[in-house]
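Structure first, then comments.
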Amino acid sequence: MILNYDSVIIGSGLAGLSTALRLANNKKKVALLTKQKLNECNSYYAQGGIAAVIDSNDSTQSHIDDTLIAGAGLCNEEAVQYIVQHSPEAIKWLVSQGVQFTPDTDNQTGFHLTREGGHSFRRILHVADSTGSAIIDTLIRKVKSHPYITVYEGFVAVDLILGNKIGVNNKKCYGVYALNRNTNQIYSFGGKSTVLASGGSGKVYLYTTNPDVATGDGIAMAYRAGCRVANMEFIQFHPTCLYHPHAKSFLISEAVRGEGGILKLPTGYRFMQNHDERMELAPRDITARAIDFEMKKHGFDFVHLDISYKPESFIKEHFPNILQTCKGLGIDITNEPIPVVPAAHYTCGGIVTNLAGETDINSLYAIGECAYTGLHGANRLASNSLLECLVIGENAANSILNLTIDPVTIPEWDASQVTDNDEQIIISHNWDELRRAMWDYVGIVRTNKRLERAMHRINMLQAEIHDYYSNFKLSADLIELRNLLLNAELIVKSAISRHESRGLHFSKDYPNTDTIAKDTILQI
Ligand code: FAD
Ligand code: SIN
């Protein structure tokens, strides 16, 4: 099946939805592909909120400085300045779409502004502790009723369609092949532009705050197509994921610490003063490392985050979702501390783009968590990522509107050489093995030996899956595992090549930070 559109967007998180709406409002025909349901994405689970300078007591420079400090010398300053300067417009756009941020009549902005680690000012707009779902539900309503957008739920993008597929030797993208997971048929989506808004690769780790869709597919597709991929060693571990046998990936927002939550050992001892003068409000890399250190030193499986000393009414008003979810698991956060552990949370590296989301390949864009603009450097400042999706999404849409492209005929996917997959167990076994190896060997604290071990495992798994991929019909699991393996390879290769510790990358073999900060760039 071949379908042609002005733009093919892969991903229905904030990056994909906002870009789709901006293009469609300019009468561009958009195909919006998403692996599962429209709302299944990292954006939907965002809790803390979106950072923006809208309070006249705050300043753009302060937000820029906080971002640069968190980024540990590796941010692209131009990207930081540009994105932060455009934060008020991003908020206005969301409000114009119908997002209702939590109000505060006592604040001159009219909004309640919360605080998170690394921010020297209250500047996070939020919708209680369910900011992501409030934003995504609002935009999904718009997308579903838009006459210029066709939504393809349950479509898994497999690989980009490049010039070589249509018999021309150029660096241009003509669309994407995607698997319809209901029929197992591969479709060819032709696009005058193709947008990767496919999110990060949190699922490469055993424990993550990310939903199942976060398998780094866009990063893998772009890398295979010849794009540069930068700084993949910088995986952000969120310090406080709920520790409970029946809770899958539930985050306890950093806003809990922003509003006074205290980290303690299970013995009741407060420990952050031993790690950073900003205590619980230190940036994430420092806080996650401190928790990891304390857990390993004392042999605890978790630490405690305590907000129970605050009035019940305050907790109910600010953290209703966390309160409810914990209650459902038997934890009353108004009376007792919450058991928490660090978990993989955000992919700071990604496909290299400029501020218009343009990649190394013509007509191919990357926006949001799959991209690397330089905003986050070696460690993302909390609540800067939703902002990046919106600001770069707008620029990408403007760039796409100016493209002039002649229509071409794109080919069907060739499945003539493959047969039905005989042993599903190989995929599930290899998936588990990869995620455990990454957790054990490529976690918060790294060593050369562990990284080399991880690389060895990854290479073996890749050889098996390559064989499988070449001989059997595609399935969503196989596509994802192949991509996760490539993301793992990029993470480990980047980590091995960095002979220093910086931001989120901490190596026991190279504990010092070089005076000059350099990006890690990988290209096929
Ligand atoms: P996503 O929202 O992850 O969307 C990716 C989309 O691509 C999904 O729809 C997925 O199904 C689709 N997709 C992927 N691969 C394919 C494929 N092969 N084919 C078809 N579709 C595909 N950031 C903040 O700024 N503030 C916060 O408060 C905040 N809280 C967070 C809380 C949690 C629990 C998590 C996990 C993250 C949080 N973040 C937060 C980070 C932020 O949510 C993400 O960085 C951001 O939402 C990324 O948006 P995105 O559109 O790039 O990707
Ligand atoms: C959180 O609410 O702690 C997540 C914020 C973020 O990842 O930016």
Side-chain angles (χ1 to χ4, degrees), residues 8-19 32-52 114 116-119 124-127 129-133 135-136 139-140 152-159 176-179 181 189 195-203 208-221 236 238-242 249-258 284 287 319 321-322 343-348 350 366-371 376 380-390 392-393 476 479-480 483:
V8 182
I9 299 184
I10 298 143
S12 58
L14 184 56
L17 294 172
S18 63
T19 310
L32 184 66
L33 276 56
T34 190
K35 267 206 260 199
Q36 293 190 7
K37 293 271 173 231
L38 266 176
N39 63 2
E40 193 55 3
C41 56
N42 281 11
S43 304
Y44 187 81
Y45 296 95
Q47 292 185 357
I50 172 163
T114 192
E116 290 180 304
H119 285 277
I124 322 288
L125 286 107
H126 60 104
V127 184
D129 57 352
S130 301
T131 311
S133 56
I135 293 176
I136 295 302
L139 297 188
I140 283 179
Y152 291 90
E153 280 182 321
F155 278 71
V156 188
V158 180
D159 259 320
V176 69
Y177 293 116
L179 171 80
R181 58 199 312 165
F189 285 91
V195 180
L196 294 169
S198 44
S201 42
K203 288 298 284 190
T208 174
T209 62
N210 292 193
D212 290 347
V213 292
T215 54
D217 298 352
I219 295 172
M221 283 189 274
Q236 184 170 73
H238 196 292
T240 58
C241 186
L242 179 62
S249 322
F250 186 70
L251 185 78
I252 307 297
S253 175
E254 191 153 318
V256 172
R257 277 176 284 130
R284 277 186 196 165
T287 316
F319 306 112
N321 175 29
I322 295 173
H345 182 62
Y346 187 85
T347 312
C348 289
I367 312 168
E369 193 169 338
C370 68
H376 309 308
R380 177 180 65 100
L381 183 67
S383 289
N384 265 355
S385 43
L386 294 176
L387 175 63
E388 185 186 37
C389 290
L390 290 168
I392 305 297
I479 295 167
E480 290 182 339
N483 291 332

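Every number for a ligand or one of its atoms is a count from 1 in the order of the listing. A quick note: this is a predicted structure, and the numbers were derived from the prediction, not measured. For this chain, numbers begin at 1 and follow the sequence in order.
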task = Say whether, by atom type as modelled, one donor and one acceptor occur between the side chain of Glu369 and the main chain of Thr347 under 3.5 angstrom.
result = yes

task = State the atoms of ligand 2, each with its element, that fall below the 4.0 Å cut-off from a heavy-atom position in Ala382.
result = 8 (O)

task = Determine, considering heavy atoms only, which of Thr19, Asn42, Val156 sits nearest to atom 1 (P) of ligand 1.
result = Asn42

key: Glu116 side chain vs Ile124 backbone, donor-acceptor pair below 3.5 Å   = no

remark   = Of Ser385, Ala476, Ala344, the one whose closest heavy atom lies nearest atom 41 (C) of ligand 1 is Ser385

task = From the options Lys37, Gln236, Gln36, Glu369, select the one whose nearest heavy atom is closest to atom 48 (C) of ligand 1.
result = Glu369

query = Which of the atoms of ligand 1 are close to Val213, meaning less than 4.0 Å from one of its heavy atoms?
reply = 10 (C), 11 (O)

query = Does Ile10, backbone or side chain, put an N or O under 3.5 Å from an N or O of ligand 1?
reply = no

task = For Asn321 and Ser130, indicate whether the former's side chain and the latter's backbone hold a donor-acceptor pair under 3.5 Å.
result = no

Nitrogen or oxygen atoms of Ser43 and ligand 1 under 3.5 Å apart = yes

query = Sub-3.5 Å donor-acceptor pair from the side chain of Thr208 to the main-chain atoms of Ala344, do we have one?
reply = yes

message = If we ignore hydrogens and angles and just use 3.5 Å, is the side chain of Arg181 paired with the main-chain N or O of Lys35 as donor and acceptor?
response = yes

Considering all heavy atoms, the nearest Cys389-Ile367 contact = O-CG2, 3.8 Å

key: Heavy-atom nearest neighbour in the protein, as seen from atom 20 (C) of ligand 1, with distance rounded to 0.1 Å   = Phe155 O, 3.2 Å

Atoms in ligand 2 with a heavy atom of Leu251 nearer than 4.0 Å = 1 (C), 2 (O), 3 (O), 4 (C)

request  = Would you mind listing which atoms of ligand 1 come within a distance below 4.0 Å of any non-hydrogen atom of Gly48?
outcome  = 28 (O)

query = So is there a nitrogen or oxygen of Cys41 less than 3.5 Å from a nitrogen or oxygen in ligand 1?
reply = no

message = Rounded at 0.5 Å granularity, tell me how far CG in Leu38 sits from OH in Tyr152.
response = 13.0 Å

message = Test your reading of the structure: does Ser383 have an N or O sitting under 3.5 Å from an N or O of ligand 2?
response = yes

ask   = Given Tyr152, Tyr346, Tyr45, which one has a non-hydrogen atom that is nearest to atom 34 (C) of ligand 1?
value = Tyr45

task = Look at atom 21 (N) of ligand 1 and say which protein heavy atom is nearest, naming residue and atom and giving the distance to 0.1 Å.
result = Lys35 N, 3.2 Å

note = Note: Gln47, heavy atoms under 4.0 Å from ligand 1, region reported as backbone

task = Report yes if Cys389 has an N/O atom closer than 3.5 Å to an N/O atom of ligand 1; otherwise report no.
result = no

ask   = Quick one: does Gln47's side chain have a donor or acceptor within less than 3.5 Å of a partner on Ser253's backbone?
value = yes

note = Counting from 1 in the order shown, the ligand 1 atoms closer than 4.0 Å to a non-hydrogen atom of Asp217 are 15 (N), 16 (C), 17 (C), 18 (N)

ask   = So is Ala214 in contact with ligand 1, going by heavy-atom distances below 4.0 Å?
value = no

ask   = Taking the non-hydrogen atoms of Arg284, is any one of them nearer than 4.0 angstrom to ligand 2?
value = yes

inquiry  = Quick check: Ile50 and ligand 1, any N/O pair under 3.5 Å apart?
reply    = no

Gln47 N/O to ligand 2 N/O under 3.5 Å = no

ask   = Quick one: CD1 on Ile140 to CG on Leu17, what's the gap to the nearest 0.5 Å?
value = 5.5 Å

inquiry  = How close do Ser12 and Cys41 get, counting heavy atoms only, and between which atoms?
reply    = O-SG, 3.8 Å

inquiry  = Counting non-hydrogen protein atoms only, what is the nearest one to atom 30 (N) of ligand 1? Give residue, atom name and distance.
reply    = Ala46 CA, 3.2 Å

query = Which of the numbered atoms in ligand 1 are below 4.0 angstrom from a heavy atom of Asn384?
reply = 25 (O)

request  = Check the pair Thr287 / Glu254 against side-chain contact (heavy atoms from CB on, under 4.5 Å), numbers first and verdict last.
outcome  = CA-CA 11 Å; Thr287 316; Glu254 191 153 318; over 6 Å; no

From Thr19 atom OG1 to Leu14 atom CG, the distance as rounded to the nearest 0.5 Å = 8.0 Å

query = Side chain or backbone of Glu40 under 4.0 Å from ligand 1, or both, or neither, by non-hydrogen atoms?
reply = backbone

request  = Indicate whether the side chain of His345 and that of Thr209 have a donor and an acceptor atom separated by less than 3.5 Å.
outcome  = yes

remark   = Within 4.0 Å of some non-hydrogen atom of Asn210, the atoms of ligand 1 are 36 (C)

query = Do NZ/NE/NH1/NH2 and the carboxylate oxygens of Glu480 and Lys203 come within less than 4.0 Å?
reply = no

query = With a cut-off of 4.0 Å, which atoms of ligand 2 are near a heavy atom of Glu116?
reply = 1 (C), 2 (O), 3 (O), 5 (C)

ask   = With distance as the sole test, does Ser43 use its side chain to make a donor-acceptor pair with the main-chain N or O of Gly13 at under 3.5 Å?
value = no

query = Are Thr131 and ligand 1 in contact, using a heavy-atom cut-off of under 4.0 Å?
reply = no

ask   = To which protein heavy atom is atom 19 (N) of ligand 1 closest, and what is the distance rounded to 0.1 Å?
value = Ala157 N, 2.8 Å

query = Considering only heavy atoms of Glu254, which atoms of ligand 2 have at least one such atom less than 4.0 Å away?
reply = 1 (C), 2 (O), 3 (O)

query = Short list, please: which atoms of ligand 1 are under 4.0 Å from a heavy atom of Leu386?
reply = 23 (N), 24 (C), 25 (O), 26 (N), 47 (O)

task = Could you list which atoms of ligand 1 come closer than 4.0 Å to a heavy atom of Thr209?
result = 34 (C), 36 (C)

ask   = What residue and heavy atom of the protein are closest to atom 26 (N) of ligand 1, and at what distance?
value = Gly49 O, 2.7 Å

task = Check Glu254 against ligand 1 and report side chain, backbone, both or neither, counting heavy atoms closer than 4.0 Å.
result = neither

ask   = Which ligand 1 atoms does Gly199 reach within 4.0 Å, using its non-hydrogen atoms?
value = 3 (O), 5 (C), 53 (O)

Nearest-neighbour protein heavy atom for atom 7 (O) of ligand 1, which is reported as residue plus atom name and distance = Gly11 CA, 3.1 Å

ask   = What protein heavy atom sits nearest atom 37 (C) of ligand 1, and how far away is it?
value = His345 CE1, 3.4 Å

message = Can you confirm whether the side chains of His376 and Glu388 place a donor and an acceptor under 3.5 Å from each other?
response = yes

ask   = Relative to the heavy atoms of His345, which atoms of ligand 2 are at a distance of less than 4.0 Å?
value = 6 (C), 7 (O)

Audit row: Thr34, Val213, side-chain contact (heavy atoms from CB on, under 4.5 Å) steps and yes/no = CA-CA 9 Å; Thr34 190; Val213 292; over 6 Å; no

query = Does Gly368 reach ligand 1 with a nitrogen or oxygen that is under 3.5 Å from one of the ligand's nitrogen or oxygen atoms?
reply = no

message = Which of the numbered atoms in ligand 2 are under 4.0 angstrom from any heavy atom belonging to His238?
response = 1 (C), 3 (O), 4 (C)

ask   = What is the nearest protein non-hydrogen atom to atom 51 (O) of ligand 1, stated with its residue, atom name and distance?
value = Ala15 N, 3.0 Å

Distance filter under 4.0 Å to Gly48 heavy atoms, resulting ligand 2 atoms = 1 (C), 2 (O)

ask   = Counting from 1, what ligand 2 atoms have a heavy atom of Ser253 closer than 4.0 Å?
value = 1 (C), 2 (O), 3 (O)

